[in-house]
Amino acid sequence: MTTPPPTATEPTFDVLVAGMVFVDVVFTDLPTPPAPGTEVWAAGMGSSPGGIANLAVALARLGLRTGLIAGFGDDGYGEWCRQVLTGQEGIDTSMSPSFDNWHTPVTVSMAYAGDRAMVTHGHDAPLCTSRLLRADATARAVIAELDGDPWWQPLRAAGALVFADVGWDGTGAWDPCILDRLAGCHCFMPNHREAMAYTRTRTPEEALERLADRVPCAVVTLGAEGAIAVDGTTGEWARVPALPVRAIDPTGAGDCFGAALVAGTLAGWPLDVRLKFAALTAGLAVQQFGGALAAPGWGDVADWWALQRRLAAEGDPEARQHLDDYGFLPQVLPAGEPARVRRADATIAKFAHLPGPR
């Protein structure tokens with residue numbers, strides 16, 4: 001899907017995101033968790049830009065003009081990440097400097113038993129996001145962490161829709177005062193554990209009801225159970241199941257869900273369509289290695305739809321149900337040949353010889 005450049009009256013970006021870019025090294029299909037004094041051989045491996053790159057790539061692959069504010073290390077990892085994100089994915093990194101003598105953060109992720117464990121090393125960037133944001137930058141939407149630098153507030157004041165998320169509270173305090181920062185935000189997208197902890201409720205449904213009093217659109221993700229949401233601007237309430245797939249690596253699935261939700265909102269889709277599309281992209285992502293480069297593009301969505309049509313014609317009942325549930329896809333798939341996307345290689349790869357998405 002090719003997105004035209006903005007006109008003089010349009011915002012600079014469809015979506016602007018900010019955060020830390022990591023190098024992710026992902027091991028999958030571990031037979032057992034690693035233990036002291038032992039060595040475990042993984043059946044699969046992938047390397048990819050990670051961290052905020054997961055979200056930026058997911059947005060860009062859905063055809064949104066995406067800007068990224070982040071620091072890049074002055075090492076080989078940093079150079080590779082910038083090359084992938086700008087040259088391969090078409091993401092604007094003009095507000096993302098490289099810092100001398102600052103190395104790229106690294107995460108090693110190990111997926112087993114339907115979940116993952118991670119080991120990370122890194123340091124805070126020398127400058128905060130607020131100092132990197134250009135004064136003339138504008139966006140239709142931003143995705144921001146409530147518990148981080150409030151860099152997004154000037155953009156919100158200028159009319160951008162704010163899609164808020166929140167990080168896991170490792171202290172266990174779950175201070176509900178953080179929800180006061182939702183003032184002026186359009187949408188809040190926590191998972192069910194976060195939602196219940198911050199609202200002091202016992203069920204995701206109760207948490208959603210509390211959150212709906214704070215933002216026009218509230219979404220609570222339920223992991224393998226899908227998601228629930230309410231849109232106060234339209235009066236819609238929706239629940240969707242997760243896509244039934246065999247997950248290889250869950251890294252970045254939540255980012256793909258959020259990116260698809262933003263894309264559907266900017267396109268003006270009904271709430272149930274937005275949620276179903278988000279569940280679909282997350283389901284496609286977990287079947288690939290690596291976070292950022294596992295994100296599906298429109299070509300992946302088109303291929304999945306074509307597969308469901310073929311399987312349904314052969315009598316597959318699950319595929320027939322998918323045709324009913326996702327019958328909106330032919331109306332939203334972009335015309336023409338979708339751009340191909342690059343997947344994660346086992347180790348740091350040379351630049352992809354694939355046509356750019358724009």
Side-chain angles (χ1 to χ4, degrees), residues 17-30 32-58 68-86 89 91 93 95-113 115-132 144-145 147-149 151 165-172 194 248-255 285 288-295 343-350:
V17 298
M20 188 173 288
V21 174
F22 292 74
V23 166
D24 282 355
V25 180
V26 181
F27 295 98
T28 64
D29 291 334
L30 273 69
T32 60
T38 67
E39 180 179 17
V40 177
W41 281 74
M45 175 182 174
S47 299
S48 168
I52 193 62
N54 296 346
L55 185 55
V57 172
L68 169 64
I69 306 175
F72 284 86
D74 64 348
D75 50 18
Y77 285 168
E79 180 182 358
W80 177 75
C81 285
R82 187 187 293 276
Q83 185 183 44
V84 170
L85 296 176
T86 57
E89 302 297 335
I91 296 166
T93 61
M95 291 183 281
S96 300
S98 295
F99 293 112
D100 293 337
N101 302 313
W102 185 73
H103 70 77
T104 303
V106 177
T107 291
V108 176
S109 177
M110 294 159 283
Y112 57 88
D115 210 333
R116 57 181 173 156
M118 295 177 287
V119 178
T120 296
H121 175 74
H123 305 278
D124 290 340
L127 290 178
C128 66
T129 303
S130 296
R131 295 182 61 185
L132 299 177
E145 293 278 347
D147 49 349
D149 178 3
W151 61 272
D165 205 344
V166 67
W168 182 261
D169 186 352
T171 69
E194 295 161 346
I248 295 176
D249 176 20
T251 307
D255 295 305
Q288 304 291 336
F289 293 109
L293 300 185
R343 299 301 180 201
D345 290 285
T347 55
I348 302 299
K350 293 183 178 180

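Here the structure is a predicted model, which means the values were calculated and not measured.
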J.: Quick one: closest heavy-atom pair of A295 and A58, and the distance?
T.: CB-CA, 3.8 Å
J.: Test M110 against V26 for side chain to side chain contact (heavy atoms under 4.5 Å, CB included), laying out the working first.
T.: CA-CA 6 Å; M110 294 159 283; V26 181; over 6 Å; no
J.: D74 and S98: side chain to side chain donor-acceptor pair (under 3.5 Å), yes or no, with the steps?
T.: CA-CA 6 Å; D74 64 348; S98 295; over 6 Å; no
J.: Could you work out, with side chain to side chain contact (heavy atoms under 4.5 Å, CB included) as the rule, every residue matching D169, not counting sequence neighbours?
T.: T171, A173, W174, Y198
J.: For V21 and A53, which heavy atoms make the closest approach, and how far apart are they?
T.: CG1-CB, 4.5 Å
J.: Please report the closest heavy-atom contact between P34 and V40, naming both atoms and the distance.
T.: CA-CG2, 3.9 Å
J.: Under 4.5 Å between any side-chain heavy atoms of C81 and V23, yes or no?
T.: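 SC-SC contact between C81 and V23 confirmed.
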J.: Side chains of L293 and V84: does their closest heavy-atom pair fall under 4.5 Å?
T.: yes
J.: Parallel, tilted or perpendicular, judged at 30° and 60°: which one describes the rings of H103 and H123?
T.: perpendicular
J.: Using the test side chain to side chain donor-acceptor pair (under 3.5 Å), find all partners of S96 that sit at least two apart in sequence or belong to another chain.
T.: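 So S96 forms no side chain to side chain donor-acceptor pair (under 3.5 Å) with any residue.
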J.: Partners of D165 by side chain to side chain contact (heavy atoms under 4.5 Å, CB included), sequence neighbours excluded?
T.: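 Once residues adjacent in sequence are excluded, the partners of D165 under the side chain to side chain contact (heavy atoms under 4.5 Å, CB included) criterion are E145, E194.
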J.: Is the shortest side-chain heavy-atom distance between F72 and L85 below 4.5 Å?
T.: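 Yes, close enough: below the 4.5 Å cut-off.
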J.: Give a yes or no on whether the backbone of G71 and the side-chain of W102 come within a donor-acceptor separation of less than 3.5 Å.
T.: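 No.
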J.: Do the non-hydrogen side-chain atoms of L68 and I52 ever get within less than 4.5 Å of each other?
T.: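 When only atoms from C-beta onward are counted, I52 and L68 do touch, with a gap below 4.5 Å.
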J.: Check whether any side-chain heavy atom of M45 sits under 4.5 Å from a side-chain heavy atom of V25, and report yes or no.
T.: yes
J.: Test of understanding: with side chain to side chain donor-acceptor pair (under 3.5 Å), list the residues that count as partners of D147, not counting sequence neighbours.
T.: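 Scan of D147 (side chain to side chain donor-acceptor pair (under 3.5 Å), adjacent residues dropped) gives none.
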J.: Do the non-hydrogen side-chain atoms of V106 and Y77 ever get within less than 4.5 Å of each other?
T.: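 Yes; the side chains approach each other to less than 4.5 Å.
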J.: I need the T104 OG1 to R82 CZ distance, nearest 0.5 Å.
T.: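 Answer rounded to 0.5 Å: 10.0 Å.
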J.: Show the nearest heavy-atom pair for residues A292 and P49, with the distance to one decimal.
T.: CB-O, 3.0 Å
J.: When rounded to the nearest 0.5 angstrom, what is the spacing between CG in L30 and CH2 in W41?
T.: 12.0 Å
J.: Within this structure, what is the CE-CD1 distance for the pair M20 and I69, rounded to the nearest 0.5 Å?
T.: 14.5 Å
J.: Test of understanding: with side chain to side chain contact (heavy atoms under 4.5 Å, CB included), list the residues that count as partners of P97, not counting sequence neighbours.
T.: F99, L132
J.: To the nearest 0.5 angstrom, please state how far the CG atom of D255 sits from the CG atom of N54.
T.: 5.0 Å
J.: Going by heavy atoms in the side chains, are T86 and I91 under 4.5 Å from each other?
T.: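 No, side chains not in contact.
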J.: Hey, does V108 have a side-chain heavy atom less than 4.5 Å from the side chain of F27?
T.: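 F27 reaches V108 side chain to side chain.
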J.: Return yes if a side-chain donor-acceptor contact under 3.5 Å exists between D24 and S48, otherwise no.
T.: no
J.: Excluding sequence neighbours, so at least two apart, what forms side chain to side chain contact (heavy atoms under 4.5 Å, CB included) with M118?
T.: T107, S109, R116
